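As the structure is a computational prediction, the values presented were derived from the model and not from experiment. Each chain gets a letter, A, B and so on, in the order the sequences are listed, and its residues count up from 1.
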Amino acid sequence: MSDSTTNHPTLAELRHTAAHVLAYAVQDLFPEAKPTIGPAIENGFYYDFDRAKPFTPEDLERLTARMREIVAANYPMTGEQVTRAHAIERFAGNPYKAEIAREIPEGEPITLYTIGEFTDLCRGGHAHTTGAIGGSTLTSVAGAYWRGKETNPMLQRIYGTAFPTQAELDAYLVQLAEAHKRDHRKLGVELDLFTVEEEAGGGLIFWHPKGATVRGIIENFIRDGLRDRGYQPVVTPHIVSEKLYEISGHLQNYQANMFGPIEVEEQRFRLKPMNCPGHILIFKSRLHSYRELPIRYSEFGTVYRYERSGVLHGLTRVRGFTQDDAHLFCTPEQLQFEFEQTLDEALRLMEAFGFTDFEYFLSTRSAAERGETDPIAEDAIRRALESHHLPYQIDEGGGAFYGPKLDINVRDAIGRKWQLGTVQVDFVLPGRFGLKYRAADGHDHTPVMIHRALAGSMERFFGILVEHFGGAFPAWLAPVQAVVVPIGETQLEYARDVAERLRPHGFRIEVDESNEKLGYKIRHWKTQKVPYVLVVGKQEMADGSVNVNERGSETKRTVTVDEFAQELRQKTETRAS
RNA sequence: GCCGUUGUAGCUCAGUGGUAGAGCACCUCAUUGGUAAUGAGGAGGUCACGGGUUCAAUCCCCGUCAACGGCUCCA
């Protein structure tokens with residue numbers, strides 16, 4: 001790094017500078033706390049301190065006030081290069097800093113940076129002065145292990161964020177509030193979509209009628225795609241003999257994520273953590289000719305994986321979930337085409353659900369796991385990405401234990417990233433299970449497998465959709481598409497009649513039979529984010545119409561029931577947003 | 001699992017060492033109201049659970065459980 005401080009700092013440099021400012025403030029107010037490391041991160045920065053007592057929210061307030069003074073003082077950030085011996089001596093009272101100084105490779109410069117009365121061992125990359133920080137705030141405290149290792153001492157981590165201007169900080173805080181409003185856990189309760197029940201245990205999802213309705217629509221969409229691309233449905237058990245997972249390698253490679261054994265009549269069973277072994281057994285149950293390939297088995301397969309209680313989170317990190325899973329068995333020659341078809345289908349799915357911003361990761365197996373087929377598998381993935389002109393990043397060692405994979409991440413409506421689909425190439429499991437097909441040469445050959453889940457898990461996909469749409473599902477997805485609201489009791493029969501005329505079209509229609517005033521009823525359904533409220537009063541009853549109050553629109557219009565049906569049909573068929 | 005925070009009505013939250021409150025939601029009655037909250041009444045709580053201190057604990061202390069924020073970001 002040639003220039004370690006700059007007049008036009010990047011956001012990361014600015015935030016790294018803010019981390020120094022925080023450490024300075026901590027040095028002033030809590031001199032006993034030992035600073036360790038404090039990098040910039042995606043949405044701000046943190047700094048870890050070794051201190052016996054945790055920081056309280058009041059401590060954060062005091063620190064924020066002190067940081068403001070340090071920023072206002074506009075201290076210049078000055079750097080100096082020192083010898084290793086000097087650095088180690090300088091931080092003799094701080095074993096963490098001393099450890100870092102000792103570990104800096106020979107030949108790399110060791111630098112100290114100072115603002116005001118605070119000097120830190122630091123690689124550099126800062127704003128020129130503390131005054132460059134226009135807006136900064138501390139957000140939370142958390143425990144964190146030194147260097148992320150559970151066996152190391154726990155430090156106190158303070159999180160914060162910083163921006164060049166106060167206005168940008170304010171905008172960020174507004175975005176945080178927006179994210180909070182869209183939180184699928186909150187909307188899940190408010191819109192009666194799903195719950196996690198304490199009596200049942202964490203990480204297990206109860207889908208209420210409205211959530212299950214949306215899930216059904218998503219599943220139908222996926223099923224249509226599977227049918228069109230020649231997949232066959234299969235169904236496999238949730239619990240099978242442990243022996244199956246010995247053969248597959250899951251017991252050796254995946255045990256930490258599996259629920260423990262269940263013993264029945266001296267046989268050990270396991271809840272399935274993945275669907276592939278089951279699908280493999282179906283493939284293996286009889287001989288296959290090369291003429292049958294590719295064989296594509298699909299299943300909405302529910303799997304159970306052990307996750308530590310502390311990491312469970314709403315619908316996005318759970319212990320039981322259903323994958324839109326499928327396994328393709330093909331010849332090596334067919335691999336490339338099948339992989340590309342799968343990628344096409346993944347893109348069709350995500351675009352239909354309103355995602356436009358994607359990131360692709362090619363995850364390879366770790367050096368220890370790699371075999372001679374890995375380059376072939378990786379090449380298939382790379383060629384598929386390149387033929388689609390899709391940019392991608394490489395995640396080394398992030399692959400499945402049986403092979404490399406392509407992961408697709410999306411950005412939602414407020415810019416957050418989520419991992420959705422995964423497509424994996426597997427030369428390993430077919431061999432382990434002794435899978436064969438009879439080739440044109442009359443000999444048996446081992447097929448190649450593709451594992452793929454495009455939505456990933458129904459739970460996670462649904463949770464992401466809830467946040468993406470902020471609970472306001474487009475008409476084709478909404479659990480209730482329209483509510484017929486009579487103004488007074490005398491229109492109730494007519495309202496029911498309207499609903500009965502719409503339902504045969506397959507529309508999801510409710511009638512508001514409550515004894516409330518019109519304004520109340522409108523408000524209720526608006527807060528429930530129903531796409532259409534159909535108001536019917538004397539006039540509408542007289543001419544067989546409905547007054548359409550559409551979500552997101554101020555204008556009302558009166559149309560016949562048939563006209564409305566046509567409009568809703570059109571929106572549903574085109575999956576209009 | 002580990003660190004921190006929080007557990008009071010279905011939800012959001014007040015509150016006190018002397019047996020518990022509001023708003024919304026729910027139920028009943030009146031009202032039949034033309035586009036985001038009609039009025040009145042009612043029901044609803046082992047104050048997360050277990051132990052301790054105290055004449056007395058929802059409140060203080062200890063433990064357990066759960067939820068939430070983190071525990072990947074490397075001077």
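- Residue-level contact check: A/Glu103 touches neither bases nor backbone, having no heavy atom under 4.0 Å from any strand.
- A/Thr422 and A/Gln424 are linked by a side-chain donor-acceptor pair at a separation below 3.5 angstrom, with hydrogens and angles left out of the test.
- Taking atom C1' in both B/rG33 and B/rU38, one finds a spacing of 8 Å when rounded to whole Å.
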query: For RNA chain B, what is the dot-bracket line, given that a base pair needs Watson-Crick (N1 to N3, plus N6-O4 or O6-N4) or G-U wobble (N1-O2 and O6-N3) geometry with both distances under 3.5 Å, and | means paired with another strand?
result: (((((((..((((....[..)))).(((((.......))))).....(((((..]....))))))))))))....
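- Taking the six-membered ring for Trp and the full ring otherwise, A/Phe118 and A/Tyr75 have centroids separated by 6.0 Å or more.
- Spacing between atom CH2 of A/Trp146 and atom C1' of B/rC3 amounts to 17 Å, rounded to whole angstrom units.
- As judged by a 4.0 angstrom heavy-atom cut-off over every strand, A/Gln539 is placed among the base-contacting residues.
- Separating the NZ atom of A/Lys186 from the C1' atom of B/rC24 is a distance of 13 Å, rounded to the nearest angstrom.
- Looking at A/Asp357 and A/Lys417, no side-chain N of the basic residue comes within less than 4.0 Å of a carboxylate O on the acidic one, giving no salt bridge.
- Between A/Asp543 and A/Ser545, the side chains place a donor N or O and an acceptor N or O closer than 3.5 Å (distance only, hydrogens not considered).
- Using a 4.0 Å heavy-atom distance criterion, A/Glu550 is classed as making no nucleic acid contact.
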Atom pairs under 3.5 Å: protein N/O with N/O of nucleotides 8-10 of chain B:
none

- request: Decide yes or no on side-chain contact (heavy atoms from CB on, under 4.5 Å) for A/Arg270 and A/Gln255, but give the supporting numbers first.
  value: CA-CA 11 Å; A/Arg270 292 279 190 151; A/Gln255 173 134 229; 2.9 Å; yes
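- Rounded to an integer number of Å, the gap from A/Lys556 NZ to B/rG34 C1' is 11 Å.
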task: Apply side-chain contact (heavy atoms from CB on, under 4.5 Å) to the pair A/Trp146 and A/Asp48, showing each step before the final yes or no.
output: CA-CA 8 Å; A/Trp146 168 239; A/Asp48 286 346; 6.0 Å; no
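- Other residues, nucleotides and ligands contribute at most 12 non-hydrogen atoms within 6.0 Å of the CD atom of A/Glu42.
- When each of A/Tyr520 and A/Val536 is assigned the nucleotide of RNA chain B with its nearest heavy atom, A/Tyr520 is the one assigned upstream, toward the 5' end.
- When each of A/Val548, A/Val559, A/Asn549, A/Asn547 is paired with A/Leu534, the side chain to side chain contact (heavy atoms under 4.5 Å, CB included) condition holds for A/Val548 and for no other.
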- request: Please lay out, stage by stage, how A/Tyr113 and A/His20 fare under the test ring-ring contact (aromatic ring centres under 6.0 Å, His included).
  value: CA-CA 9 Å; A/Tyr113 281 89; A/His20 281 260; 7.0 Å; no
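- Within the 4.5 Å cutoff, side-chain heavy atoms of A/Leu112 are placed close to those of A/Leu121.
- By the neighbour-count criterion of 12 heavy atoms within 6.0 Å, atom CD of A/Gln566 is sparsely surrounded, having that number or fewer from other residues, nucleotides or ligands.
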- prompt: Which parts of nucleotides 62-75 of chain B does protein reach within less than 4.0 Å, heavy atoms only, written one letter per nucleotide 5' to 3' as B for base, S for sugar-phosphate only and - for none?
  reply: ----SSSBBBSBBB
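- One C1' atom belongs to B/rG15, the other to B/rA9, and the distance between them is 15 Å to the nearest Å.
- A/Gly519 comes within 4.0 angstrom of the backbone, heavy atoms only, and of no base.
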